[in-house]
Amino acid sequence: MTAENVQSKPNYGIDAPGLVRFFFIAGAVALFIFLVVLFSSILGQMPKIIVGTLLGIAATYLLGMGCFMLYGSKVMKLKDTKKLLNLVQWSGSELVLDVGCGRGLMLVEAAKCLTSGKAIGIDLWYQHDQANNSSAAALSNAATEGVTERVEVKTADMRQLPFPENYFDVVISSWAVHNLDAETDRKKALDEIIRVLKPNGMVILADIVYQLEYAKYFELRGMTNIRFYNNAIRDVILKAVTFGSFAPSAVSACKNA
Ligand SMILES: C[S@@+](CC[C@H](N)C(=O)[O-])C[C@H]1O[C@@H](n2cnc3c(N)ncnc32)[C@H](O)[C@@H]1O
């Protein structure tokens with residue numbers, strides 16, 4: 001990548017772009033029908049109030065969810081990532097794996113903590129999970145942040161990591177493991193994370209759901225120092241408005257020596 005085509009700011013994309021699009025389109029349709037009902041005489045006074053109220057609530061909810069998902073991808077996740085990476089006592093020489101790195105948000109931030117170490121990201125680059133997802137996008141963000149020489153990306157499935165056991169000092173992952181729908185698949189990914197982690201190594205798993213499932217499985221597999229990182233007030237509000245489908249927080253654990 002030449003100096004001329006290095007972008008001036010990193011772009012970590014938008015998660016679940018199809019869902020975000022759905023919320024905005026459905027919200028706009030609900031808003032349009034709401035306005036038609038409100039300003040026309042199609043319905044009598046009482047039906048107008050009932051239908052108008054329901055449509056108003058639907059439009060507010062759908063548009064709110066769309067905005068909220070954008071905020072999650074563009075602001076909340078970035079802030080959380082920086083805080084979570086501060087949990088590691090970096091020496092600078094670590095070998096780090098980012099599982100489901102996407103456009104490289106955690107990967108690049110981790111690389112900034114390294115001197116002689118390396119941050120490796122793996123992904124299958126699903127477009128439905130992140131807009132314009134690719135290894136090139138991750139490398140472009142690494143170039144923008146000046147960490148190209150400390151970053152590597154590979155195409156791989158998190159259920160079958162192409163690394164030997166006891167290889168990484170730190171394994172990180174952000175909003176990726178929940179994309180595996182089956183619990184057995186999520187456990188396969190966690191098994192792989194544990195396998196490639198060095199004894200005394202640390203995993204930090206940030207996600208939008210299933211954090212308790214991850215913690216229980218880590219415990220079952222003999223991991224220690226299992227900790228949760230969440231903002232209790234934010235958690236309660238988000239779980240309530242998203243019916244439990246979106247409450248970002250993280251779990252960390254260490255592999256026994
Ligand atoms: C919501 S994105 C998050 C990306 C990135 N970690 C971030 O926080 O910006 C989820 C990522 O998981 C990846 N992914 C989904 N299933 C995967 C699998 N089985 N193996 C590897 N990556 C996967 C997707 O391609 C996508 O890049």
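Whatever order the structure lists them in is the order used to number ligands and atoms, beginning at 1.
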Please could you name the atoms of ligand 1 that [X] approaches to less than 4.0 Å, counting only its heavy atoms?
X    : result
N133 : 24 (C), 25 (O), 26 (C), 27 (O)
A156 : 20 (N), 21 (C)
W175 : 1 (C), 2 (S), 3 (C), 10 (C)
D15  : 1 (C), 2 (S)
N179 : 10 (C), 12 (O), 15 (C)
L180 : 19 (N)
W125 : 25 (O)

Discussion item. Regarding ligand 1, does H178 bring an N or O atom to under 3.5 Å of one of the ligand's N or O atoms?
Written reply: no
Discussion item. Can you see whether N133 engages Q127 through a side-chain donor-acceptor pair at a distance of less than 3.5 angstrom?
Written reply: no
Item to complete: Starting from the C-alpha separation in whole Å, work towards a yes-or-no answer on ring pair (Phe, Tyr, Trp, His ring centres under 6.0 Å) for F246 and F68.
Response: CA-CA 10 Å; F246 186 89; F68 180 65; 5.2 Å; yes
Heavy-atom nearest neighbour in the protein, as seen from [atom], with distance rounded to 0.1 Å:
atom                    : result
atom 20 (N) of ligand 1 : M158 N, 2.9 Å
atom 22 (N) of ligand 1 : L124 N, 3.5 Å
atom 19 (N) of ligand 1 : D157 OD1, 3.1 Å
atom 4 (C) of ligand 1  : G100 O, 3.5 Å
atom 5 (C) of ligand 1  : C101 O, 3.3 Å
atom 16 (N) of ligand 1 : Y126 CE1, 3.5 Å
atom 9 (O) of ligand 1  : K77 NZ, 2.8 Å

Response to the item:
A student comparing A206, S73, S174 should find that the heavy atom closest to atom 8 (O) of ligand 1 comes from S174
Discussion item. Just to be sure I'm reading this right: ignoring hydrogens, which of D123, D185, D129 gets closest to atom 25 (O) of ligand 1? Compare them by their nearest heavy atoms.
Written reply: D123
Worksheet item: Would you say R103 touches ligand 1, if touching means a heavy atom closer than 4.0 Å?
Response: no
Worksheet item: Is a donor on one side and an acceptor on the other found under 3.5 Å between the side chain of D123 and the backbone of S134?
Response: no
Worksheet item: Donor-acceptor pair, K48 side chain versus S40 backbone, under 3.5 Å?
Response: yes
Can we say [X] and [Y] salt-bridge, meaning some charged N sits less than 4.0 Å from an Asp/Glu carboxylate O?
X    : Y    : answer
D80  : R234 : yes
R159 : E192 : no
K77  : D15  : yes

Discussion item. Let's go through I204 and M202 carefully: what are the C-alpha distance in whole Å and the side-chain angles of both, what is the deciding distance for side-chain contact (heavy atoms from CB on, under 4.5 Å) to 0.1 Å, and is it a yes or a no?
Written reply: CA-CA 7 Å; I204 302 175; M202 183 182 193; 4.2 Å; yes
